[in-house]
Amino acid sequence: MGFYRLIYRLFYSFRMPLFLFVSGFLMIHSIKRTAILSVHKFFKLKVKRLIIPLAFLCIITFIPRCILSSMADDAIDLSWHSLIRGLIFGNELIIPFFWFLQTSFLLLTFCYGFISLFHRFHINPKLIFSALFLFFIGLYLLPFRLPDLFSVNQVQRLGIYFVAGACYGWYNTYIDTRINFASPITGVAFCILWISLFFIFENSEFIVFCSAAGICMCISVAKLLEKRGNRLLDLFVGANYMIFLLSWYCNVFSQQILHHYFDFPWWIFTILSLCSGILVPWFLYQLMLMTKTSRLTKIIAFCLGQSLSKTSVLHLNNDKKTSSCCKQIV
């Protein structure tokens, strides 16, 4: 298990930074595509997209999770106190990895509001991104950790990657002309750099450099796939957010419940968890698309932050566009 644990640690070094990087990139992509919305309208959109699914899924999961606490790594009590804390504190969430939704919401609304405010005064984007970078670098270097109320501590830890993604989204044409990400040599170089920095800086504040190298490696892989016209992930376009929201249930069922009752090798449950965590939400999403005129489907789509009309247009135009692999990640 030592080797597999090392692989896990290696990929964990840039996994969440990559998600936040892509979130920042997509925020800028939406600004370029639709122009800057009012902060109020953007805030409402993100509440529908992020906060409503967070609250809905946590609430309906609360009682089953309390009943099955004996199989879980961290048990929770069946009480109002546990329910409230399980909705607002990142380290006590009913669905643990939903702290990403809280963190994304805070970063999106703060950075979008900041960019919108200074854009009105026609301030140079370089100054805007520089100010954001300095703010989040200062936050990252604070000698104390912020509380986990609504995952503010994760904003402190990962905000710099979000701004880096936003900066790349704004200046990607300029950056791509100076760094040949589409070259296999570039990808291998970033891979070697990522692994080297991991062994040097693991468990230190300088792990940020390792994470940055891992993100650059992923950009290079994405550019290579795009260059070769590889559209393997197009199958999941539109369903990616559904996969994120619902994959936890498949993981728990495979690795906690089934593993509790059946004595099979660990890798069987891992493969089952991985495959079901992707395919089951994807199938449910396709089912929603087929019944999108149903009132029940519309209610479920609203509770899960899905826009079926928007994604159906995406599917119709899918063959006419070159899909960015960065967008497919999230």
Side-chain angles (χ1 to χ4, degrees), residues 12-37 39 42-43 45-46 49-50 90 99-146 148 150-176 178-179 181 190 194 197 201 204-220 222 324 326-327 329-330:
Y12 190 81
S13 68
F14 73 85
R15 183 187 63 171
M16 295 317 299
L18 176 64
F19 278 126
L20 269 300
F21 180 92
V22 174
S23 295
F25 175 86
L26 292 179
M27 180 190 73
I28 296 300
H29 176 76
S30 69
I31 290 176
K32 286 183 173 181
R33 187 182 59 194
T34 62
I36 295 182
L37 305 174
V39 176
F42 184 81
F43 181 84
L45 287 173
K46 294 308 161 187
R49 180 70 166 169
L50 301 172
W99 64 263
F100 178 77
L101 296 179
Q102 296 178 333
T103 302
S104 296
F105 177 78
L106 293 178
L107 285 169
L108 282 165
T109 51
F110 174 79
C111 292
Y112 195 94
F114 189 90
I115 293 172
S116 176
L117 175 64
F118 287 95
H119 181 75
R120 291 182 182 179
F121 298 100
H122 305 287
I123 294 177
N124 192 315
K126 292 181 180 178
L127 294 177
I128 298 175
F129 288 116
S130 296
L132 284 172
F133 258 121
L134 289 174
F135 173 78
F136 282 106
I137 289 173
L139 203 62
Y140 181 80
L141 295 176
L142 284 177
F144 57 89
R145 298 294 92 180
L146 296 177
D148 68 331
F150 216 75
S151 300
V152 174
N153 58 331
Q154 299 295 348
V155 172
Q156 179 185 20
R157 184 172 71 92
L158 298 169
I160 189 172
Y161 303 107
F162 183 90
V163 178
C167 187
Y168 178 69
W170 194 271
Y171 295 106
N172 65 307
T173 303
Y174 175 84
I175 295 171
D176 289 347
R178 280 150 181 81
I179 302 176
F181 284 111
F190 277 124
W194 159 58
L197 292 177
F201 294 132
S204 76
E205 296 297 326
F206 296 104
I207 193 66
V208 63
F209 296 109
C210 168
S211 302
I215 291 171
C216 289
M217 176 188 67
C218 291
I219 294 174
S220 183
S324 169
C326 284
K327 297 176 194 173
I329 296 173
V330 294

Practice item. Would you sort out whether Leu20 and Ile160 count as a side-chain contact (heavy atoms from CB on, under 4.5 Å), showing the intermediate values? Key: CA-CA 9 Å; Leu20 269 300; Ile160 189 172; over 6 Å; no

Review point. Mind checking what makes ring pair (Phe, Tyr, Trp, His ring centres under 6.0 Å) contact with Phe14, not counting sequence neighbours?
Key: Phe11, Trp194

Review point. Parallel under 30°, tilted from 30 to 60°, perpendicular over 60°: which one fits the rings of His122 and His119?
Key: tilted

Exercise for review: Would you please say whether a donor-acceptor pair under 3.5 Å links the side chains of Asp176 and Tyr168?
Suggested key: yes

Point to revise | Heavy-atom side-chain contact between Leu106 and Val152 under 4.5 Å | key: yes

Revision key, fill the gap. Here the gap from Leu158 atom CG to Asn153 atom CG, rounded to the nearest 0.5 Å, amounts to 9.0 Å

Practice item. Tell me, please, which residues at least two apart from Ser30 pass side chain to side chain contact (heavy atoms under 4.5 Å, CB included). Key: Arg33

Exercise for review: Take atom OH of Tyr12 as the centre, draw a 6.0 Å sphere, and report whether it contains more than 12 heavy atoms from other residues, nucleotides or ligands.
Suggested key: no

Point to revise | Output field: ring centroids Phe100/Phe19 closer than 6.0 Å | key: yes

Study note, to complete from the structure: For Asp148, the side-chain hydrogen bond (donor to acceptor under 3.5 Å, both in side chains) test, sequence neighbours excluded, returns Asn91

Check your understanding: Listed by chain and number, what are the side chain to side chain contact (heavy atoms under 4.5 Å, CB included) partners of Phe42, not counting sequence neighbours?
Key -> Lys46, Leu108, Tyr112

**Study point:** Interatomic spacing from CG in Leu127 to CG in Leu132 - rounded to 0.5 Å
**Key:** 11.0 Å

Practice item. First locate atom CG of Leu107, then atom OH of Tyr161, and finally report the distance between them rounded to the nearest 0.5 Å. Key: 12.5 Å

Review point. At their closest point, which heavy atom of Cys218 faces which heavy atom of Leu18, and how far apart are they?
Key: SG-CD2, 3.8 Å

Point to revise | Step-by-step side-chain contact (heavy atoms from CB on, under 4.5 Å) determination, Phe162 to Val22 | key: CA-CA 7 Å; Phe162 183 90; Val22 174; over 6 Å; no

Review point. What's the shortest heavy-atom distance between Ser13 and Ser211, and which atoms?
Key: O-OG, 2.5 Å

Exercise for review: Mind checking ring pair (Phe, Tyr, Trp, His ring centres under 6.0 Å) for Tyr140 and listing every partner two or more places apart, or none if nothing turns up?
Suggested key: none

Practice item. Quick one: do Leu141 and Glu205 satisfy side-chain contact (heavy atoms from CB on, under 4.5 Å)? Show the steps, please. Key: CA-CA 8 Å; Leu141 295 176; Glu205 296 297 326; 5.5 Å; no

Practice item. Can you sort out the partners of Arg178 under side-chain hydrogen bond (donor to acceptor under 3.5 Å, both in side chains), two or more places apart, ordered by chain and number? Key: Tyr174

Exercise for review: List in chain and number order the residues that pass side-chain hydrogen bond (donor to acceptor under 3.5 Å, both in side chains) with Ser151, two or more places apart in sequence or in another chain; answer none if no residue qualifies.
Suggested key: Gln102

Check your understanding: With a 6.0 Å cut-off on ring centres, are Phe43 and Phe105 close enough?
Key -> yes

Point to revise | Shortest non-hydrogen contact between Pro125 and Trp170, atoms and distance | key: CB-NE1, 3.6 Å

Review point. Between Ala166 and Met27, which heavy-atom pair has the shortest distance, and what is it?
Key: CB-CE, 4.2 Å

Practice item. Give the minimum heavy-atom separation between Leu197 and Ala213, together with the two atoms involved. Key: CD1-CB, 4.3 Å

Check your understanding: Looking at residues at least two apart in the chain, or sitting in another chain, which of them share a ring pair (Phe, Tyr, Trp, His ring centres under 6.0 Å) with Phe209?
Key -> none

Study note, to complete from the structure: Contacts of Ser116 meeting side chain to side chain contact (heavy atoms under 4.5 Å, CB included) (sequence neighbours excluded), chain-then-number -> Ile36, Val39, Arg120

Practice item. Would you check if the distance from the ring center of Phe118 to the ring center of Phe114 is below 6.0 Å? Key: yes

Exercise for review: Please name the pair of heavy atoms, one in Cys111 and one in Phe136, separated by the smallest distance, quoted to 0.1 Å.
Suggested key: SG-CE1, 3.9 Å

Study note, to complete from the structure: Contacts of Gln154 meeting side-chain hydrogen bond (donor to acceptor under 3.5 Å, both in side chains) (sequence neighbours excluded), chain-then-number -> Arg157

Practice item. Kindly compute the distance separating CD1 (Ile137) from CG (Leu134), expressed to the nearest 0.5 Å. Key: 6.0 Å

Point to revise | Residue list, side chain to side chain contact (heavy atoms under 4.5 Å, CB included) with Ser204, at least two apart or on another chain | key: Phe201, Phe206

Check your understanding: For Phe150, which residues count as a ring pair (Phe, Tyr, Trp, His ring centres under 6.0 Å) partner, sequence neighbours excluded?
Key -> none

Review point. So do the side chains of Leu50 and Ser104 get within less than 4.5 Å of each other, counting heavy atoms only?
Key: yes

Practice item. Measure the shortest side-chain to side-chain distance between Ile31 and Ile28 over non-hydrogen atoms and say whether it is less than 4.5 angstrom. Key: yes

Review point. Mind checking whether Ile179 and Ile219 have side chains closer than 4.5 Å, heavy atoms only?
Key: no

**Study point:** Criterion side-chain contact (heavy atoms from CB on, under 4.5 Å) on Met16 and Trp99, from CA distance to verdict
**Key:** CA-CA 11 Å; Met16 295 317 299; Trp99 64 263; 3.7 Å; yes

